[in-house]
Each structure stands twice: as structure tokens, then as C-alpha cells.
Amino acid sequence: MENTFNPDHAEDLQSQIEEVEALSSIYGDEWCVIDEASRIFCIQISNDIGDTKLTACLQVILPSDYPSSSPPIYQINASWLRGLQRVTLANSLEEIYVENVGESLLYLWVETIREFLREKSRSAGAEEEPGGVNLTTEEDVDNDEENDDEELPDFRTVKMSTEYVHPFMNHESDGEVPPVKHGSIITDRRSTFQPHLAPVSAPGQVKMVLDKLYGNKKIASATHNIYAYRIFCEDRQSFLQDCEDDGETAAGGRLLHLLQILDVRNVMVVVSRWYGGILLGPDRFKHINNCARGVLVQEGYTSSAEEATTQGGKGKKTRSKKAK
């Protein structure tokens, strides 16, 4: 990803340099430079509470017109951060941006996330293991069954190979909330999976769909709500696409990869999983993708599951030449 600076944004660049130097001084080894030329940085944030330690990694990209006009583009990686908690934290960061437009705000974001971690630790107490990993993820099983995932691409690169989208979009310009369709349920060893699909043509609609889904108490209570979307931009002949694991490690990348293989566009798929207490291992990824494929077939984005698998599938929308 290139982040070329325009001479008109010289003041912004200077502000960024000063902010990064200050953050590096304040946080030391916690602050990490990923790609200085592209202005990509990350910081490991912890709650500083010994026995109930929680961590989160904040990755940011600084646009050329930050802080004068645009917010940082960000991503929070934390296996325990799911559902309404993720929405609540994102809303807090958005409020900080709105209240400090034109000002450097990364320090405020970092400390807001840190306080969020502290509050979660205090509320959790001794009732659950730190981060709830034992109850909601299956990373230990992944370590024993890595051979089952041969031939899969490196999903850590999927999101970095796509265009990043500003997290704060004007929803009014994106029209009404897209209709949401629900697919067939898959149940295995007391875990339940259900897919949801919505047509999306603008990034702001993605959050609108998520807000609508989280308005449903059953969906909001799911252990994981994994999603991926692809939006084709006719003017640039390129895709806007992204994914979210929601605590189910690597599931979002696999889901996005499925959408890419099927070559569907202008669509968002969410798969809700209610964990039943029994580890499924790699089978959970199979169920997530089967759910997603099923709802895409159901809504006409592929002519059939068999054809989608053997021929690569065709998007529901009019095909356009992809960007190179």
C-alpha cells in the first residue's frame, strides 16, 4: 500500500512526525513501526493489571491529510474483543475523533483502549480466564492440526493486500440500510452456525448492516460474528474488501478468501457461531464456509454450490474487468 504525501500536506506530515516521536518516547518498545514510508504503525496495549492481564494490538495507517482532515485508519486485533464490545470500543474512538477533528489523537485512542481493557478486567474479576480464550477460541486445537490447513494461503496478508477504508463514514450518503437475508443453520456437537447476507455498495453500509444484526439479541449473543465483504468500484476498477474474525482466529480471512474464489461482489456475508462447549477443531472453518456458500447460492450470487466450487462461481452483479 502506498501513502504518497502531497506537498499540500506538509504540515500534516510534520505533525505526524512529531506525534510518532512522542508516542515512541512515551511507550518505548510497545510502539512499533511497521512501514514508515506508508505511515503504518502499531502498538501493543495492556491493562497493566497483573493477574487479569488483557492485551490488544492497535494498528494504524496515517493518511496524508491526517490530522487536518481525515482520521487514522485503524484495526484492533484482540481475540477476546467480539460483538457489542467491539462496537462499543469503535464508537468510543469515533467520538474522540469527532471531538478532536484537526488534532493529533493517537495518544487519546491508546489510553481509551487501555481504560477499556481495565474496565473489562475489573468487571470480569475471577469469573473467567483472562480474555475468555478457553471459552471462545480453539487456538490450542489449531496448533495440533496445522497439517489440515495445507494449501491454504497466508491469511495474514489478505487484509494488507486490499484497500483500507476510513472507519468513519457518512452513512447518510450510503442510502437506506440494506436488506438482510438469513441462511440455513448448521449444528455440530452443540455448536450452531447461521449465515446472514446483505448487498452492500458502499463501506458505510457495512457498519449499517452490523448495527442492524447486533440489534437482534440472539445474534448479538453469538460467541462469534465473523464477516467479510467485497465491493467493486467501477470508477477505479478495483475492490474494497475486508474481513473480521471476531475472536475466531483466521476465520475472517478464510471467509474473504471464499468470496474471492467465488468472484462475488457488492455483498457482505456474516456467519454467527454459538459455541456449544465442545471443541470442533478445523471442522468449524468448514461449517463457516459451507454456511456462507449456502446463503450465497440461496440469494443467487452463485448458480449452484457445485458450479461455484468447480468453476469459480460468478458474481450476481454485472461482471466488470478486475483491477490488475
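Just so you know, these numbers come straight off a predicted model, no measurement behind them. The first residue of the sequence shown is numbered 1, and numbering continues consecutively from there. The basis for the numbers below is simple: all heavy atoms, side chains too, and nothing from hydrogens, waters or symmetry mates.
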Are side-chain heavy atoms of [X] and [Y] found at a separation under 4.5 Å?
X: Thr55; Y: Ile45; value: no
X: Arg284; Y: Phe193; value: yes
X: Gln59; Y: Phe41; value: no
X: Asp242; Y: Leu256; value: no
X: Ile96; Y: Thr112; value: yes
X: Cys32; Y: Ile43; value: no
X: Gln205; Y: Ser201; value: yes
X: Val267; Y: Tyr229; value: no

Measure across [X] and [Y] and return the closest heavy-atom pair with its distance rounded to 0.1 Å.
X: Leu197; Y: Glu299; result: CD2-CG, 4.0 Å
X: Asp188; Y: Leu280; result: O-CD2, 3.7 Å
X: Tyr97; Y: Trp109; result: N-NE1, 4.3 Å
X: Leu54; Y: Leu117; result: O-CD1, 3.7 Å
X: Ile278; Y: Ser191; result: O-OG, 4.4 Å
X: Ser64; Y: Asp12; result: O-CB, 3.4 Å

Using 0.5 Å steps for rounding, measure from the [atom1] atom of [X] to the [atom2] atom of [Y].
X: Leu258; Y: Cys291; atom1: CG; atom2: SG; answer: 11.5 Å
X: Glu248; Y: Asn225; atom1: CD; atom2: CG; answer: 11.0 Å
X: Leu84; Y: Ser221; atom1: CG; atom2: OG; answer: 9.5 Å
X: Trp31; Y: Leu23; atom1: CH2; atom2: CG; answer: 4.5 Å
X: Lys218; Y: Thr192; atom1: NZ; atom2: OG1; answer: 7.5 Å
X: Glu111; Y: Phe116; atom1: CD; atom2: CZ; answer: 15.0 Å

ILVMFWY network linking [X] to [Y], side-chain heavy atoms under 4.5 angstrom:
X: Trp274; Y: Leu279; answer: no
X: Ile219; Y: Ile185; answer: no
X: Leu93; Y: Tyr27; answer: yes
X: Leu106; Y: Val33; answer: yes

Between the side chain of [X] and the main-chain N/O of [Y], is any donor-acceptor distance below 3.5 Å?
X: Ser68; Y: Asp65; result: yes
X: Asp245; Y: Ala250; result: yes
X: Arg230; Y: Asp263; result: no

Task: side-chain contact (heavy atoms from CB on, under 4.5 Å) between His196 and Val295, intermediate numbers included - done: CA-CA 7 Å; His196 322 282; Val295 77; over 6 Å; no

Open item on the list: If you apply the rule salt bridge (charged side-chain N to carboxylate O under 4.0 Å, His left out), what do you find for Lys207 with Asp211, and how did you get there?
Closed with: CA-CA 6 Å; Lys207 188 175 187 300; Asp211 289 344; 3.2 Å; yes

Task: Partners meeting salt bridge (Lys or Arg N to Asp or Glu O under 4.0 Å) with Glu115 (sequence neighbours left out) - done: Arg118, Arg122

TODO: Could you go through the side-chain contact (heavy atoms from CB on, under 4.5 Å) check for Leu240 and Cys233 one step at a time?
DONE: CA-CA 7 Å; Leu240 291 176; Cys233 303; 3.7 Å; yes

Task: Pairs meeting criterion salt bridge (Lys or Arg N to Asp or Glu O under 4.0 Å) with involvement of residues 189-201, two or more places apart - done: Arg189-Asp283

For residues [X] and [Y], is any side-chain donor paired with an opposing acceptor at under 3.5 Å?
X: Glu19; Y: Tyr66; value: yes
X: Ser272; Y: His224; value: no
X: Arg39; Y: Gln16; value: yes

Task: Check against side-chain contact (heavy atoms from CB on, under 4.5 Å), Glu11 and Leu13 - done: CA-CA 5 Å; Glu11 292 186 6; Leu13 176 57; over 6 Å; no

Task: Enclosure of Asp29 CG (heavy-atom neighbours >12, cutoff 6.0 Å) - done: no

Open item on the list: Quick one, Glu176 with Met208, criterion side-chain contact (heavy atoms from CB on, under 4.5 Å). Give me CA distance, side-chain angles, the key distance, then yes/no.
Closed with: CA-CA 9 Å; Glu176 298 181 355; Met208 295 165 72; 5.7 Å; no

